[in-house]
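The following block contains the structure, expressed as structure tokens.
Each residue takes its place number in the sequence, starting with 1. Atoms within each ligand, like the ligands themselves, are counted from 1 in listed order.
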Amino acid sequence: MHISLSRTMRFAQTLRLIPSITPRSGWQHRPNSSTAASFTTSAVLYKGPTFDTSVQALQDTASSNADGVSNRQLFARLQPDKKIMDKLDMLQLGREKHGRFVRKKWFKYDEPDVKLPHIFFFAGAQTPASFPEQSLPEVGFVGRSNVGKSSLINRLCGSNTARTSDKPGLTQQINFYVAGRDFHLVDMPGYGFAYAKEETTQKWPSLIESCIRERKTLRRVMLLLDARHGIKANDRDFMEMLDRTNTKFQIVLTKCDLVHRIDLAKQHRLISMQTAKSRNCIPRIMMVSALNKAGLNELRKEILHTCTLGQKYLASHKKKEAIATADYMEQLKIYKETARPKKRRQ
Ligand SMILES: Nc1nc2c(ncn2[C@@H]2O[C@H](COP(=O)(O)OP(=O)(O)OP(=O)(O)O)[C@@H](O)[C@H]2O)c(=O)[nH]1
Ligand SMILES: [Mg+2]
């Protein structure tokens, strides 16, 4: 790209008064700017959104699928689903595009929170022999190391009990958490690269598999995928194992705050296509961000229904939700219908 510089600008540059003008990825021209036409130099360049690593990362899942079309090609051809885009808009999930493509937010949907009880650590297992007794219904969290399993468990229950780190491989045993004496959440070690001794990491896949095979109380496995990367080779192997053991699992896309909304909708579509043939995959893909606390309510509801605890925990939530979504007259009606009769003083 040829860039013409005025003499003053070049002089200022030699004195390091203005930054270098070499256009980098992540820098872009101001759209529709009249000044841009007259200068065409770095002075009219502005720092827009940083280089779209999310797209890059998504497209890097380039392993070929059965039809000989790579995921990268598939991703490029995909059109996002309109319904999913609307849902993402409503739940404020995914990063918004900057610049002139910003959509106006006409309203913010304030969904009342579904509350899960606080969690307490009660058992950690490094071998199958040390698994705790099978009593309450359980939901397991698995996925590659650093995908955000422990962070998500914390966020779902509003606790800080599970330890998290930005280095993959912190959780090195199966941790069992009890929530309100009603159900268990099981935090598993991750597969794939981890900062841990090789002899330790090699034991994890068999440990996870025996947990999944042995525990009859394990109602569902939440398979966490980084929204930037989608399904990788080791995730595919893991899904095959889940199909072999006939275990029901559900995909949860994590770190959705790092991916642009349109790419997130595309990723959703790609994953639903890739998992369509799986017998045990529940066809509702959850999307969450533990950082922004977005999409958590839906996942909480899913966990409660899985553990057949909907009656206990969701009764009061239904009323709150009806009130939040209703217009003024309907709200009044709900309040009147559900209000307790006042006691009269005698
Ligand atoms: N931006 C962003 N970062 C997240 C999110 N969830 C987790 N993280 C970060 O991801 C890193 C890994 O989180 P962990 O919860 O420790 O991941 P893990 O899957 O339990 O990792 P292992 O225990 O090593 O298998 C931490 O630095 C978190 O802060 C999210 O929704 N958005
Ligand atoms: Mg962890």
As a test of understanding, state which of S150, S145, S165 forms a side-chain hydrogen bond (donor to acceptor under 3.5 Å, both in side chains) with T171.
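It is S150, the one option of S150, S145, S165 that forms the side-chain hydrogen bond (donor to acceptor under 3.5 Å, both in side chains) with T171.
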
Quick one: which ligand 1 atoms are inside 4.0 Å of a heavy atom on S289?
31 (O)

Counting only nitrogen or oxygen atoms and a 3.5 angstrom limit, does R163 reach ligand 1?
no

Ligand-residue contact atoms, ligand 1 with S165, heavy atoms, under 4.0 Å:
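Atoms satisfying the 4.0 Å criterion: 11 (C), 12 (C), 13 (O), 16 (O), 26 (C), 27 (O).
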
Among protein atoms, how many N/O/S atoms lie less than 2.8 Å from the Mg ion (ligand 2)?
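The number of such protein atoms is 2.
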
Atoms of ligand 1 under 4.0 Å from any heavy atom of S150, numbered from 1 in the order shown, are 15 (O), 20 (O)

In ligand 1, which numbered atoms sit nearer than 4.0 Å to a non-hydrogen atom of N146?
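Listed by number with element: 11 (C), 12 (C), 17 (O), 18 (P), 19 (O), 21 (O), 22 (P), 24 (O), 25 (O).
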
Does ligand 1 come near enough to C256 that some N or O of the ligand is less than 3.5 Å from an N or O of the residue?
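Not met; the criterion fails.
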
Which atom pair, heavy atoms only, marks the closest approach of L291 to R155?
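Distance-wise, the nearest heavy atoms are O-NH2, 4.0 Å.
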
Does an N or O from T171, backbone or side chain, lie closer than 3.5 Å to an N or O of ligand 1?
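Min N/O separation from ligand 1 is below 3.5 Å for T171.
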
Any N/O pair M188/ligand 1 closer than 3.5 Å:
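It does not: no N or O of M188 is found under 3.5 Å from an N or O of ligand 1.
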
Transitive ILVMFWY side-chain link L314 to M286, under 4.5 Å
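Yes, because L314 and M286 connect within a single hydrophobic cluster, where side-chain heavy atoms sit under 4.5 Å apart.
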
Heteroatom distance test (A290, ligand 1): nitrogen or oxygen, under 3.5 angstrom:
yes

Side chains of D182 and Y313 only: does a donor on one sit below 3.5 Å from an acceptor on the other?
yes

Among F120, F122, F121, F141, find the one that has a ring pair (Phe, Tyr, Trp, His ring centres under 6.0 Å) with H184.
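The option that passes is F122.
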
Is the shortest distance from a Lys or Arg side-chain nitrogen in R284 or E298 to a carboxylate oxygen in the other one below 4.0 Å?
no

Heavy-atom protein contact below 4.0 Å for atom 29 (O) of ligand 1
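There is no protein heavy atom less than 4.0 Å from atom 29 (O) of ligand 1.
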
Please compare A194, G190, S151 and report which has the shortest non-hydrogen distance to atom 15 (O) of ligand 1.
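The option holding the nearest heavy atom is S151.
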
Connected via hydrophobic side-chain network under 4.5 Å: L136 and I212
yes

Distance under 4.0 Å to a non-hydrogen atom of P168: what atoms of ligand 1 satisfy this?
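Those atoms are 24 (O).
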
Under a 4.5 Å cut-off applied to non-hydrogen side-chain atoms, are L296 and R300 in contact?
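When only atoms from C-beta onward are counted, R300 and L296 do touch, with a gap below 4.5 Å.
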
Q267 side chain near L225 side chain, heavy-atom distance below 4.5 Å
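Not touching, per the 4.5 Å side-chain cut-off.
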
What about L258: any of its N or O atoms under 3.5 Å from an N or O on ligand 1?
no

Donor-acceptor pair, distance only, cut-off 3.5 Å: does the side chain of T161 make one with the backbone of S159?
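The answer is no, because no donor-acceptor pair under 3.5 Å joins these two groups.
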
Taking N or O atoms only and a 3.5 Å limit, does D187 qualify as a polar contact for ligand 1?
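Not met; the criterion fails.
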
Are V142 and I271 grouped together when hydrophobic residues (ILVMFWY) are joined by side-chain heavy atoms under 4.5 angstrom apart?
yes

Using a strict cut-off of 4.0 Å, indicate which atoms of ligand 1 neighbour a heavy atom of G169.
22 (P), 24 (O)

Can you list the ligand 1 atoms lying under 4.0 Å from a non-hydrogen atom of D257?
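Those of ligand 1 that fall under 4.0 Å from D257 are 1 (N), 2 (C), 30 (C), 31 (O), 32 (N).
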
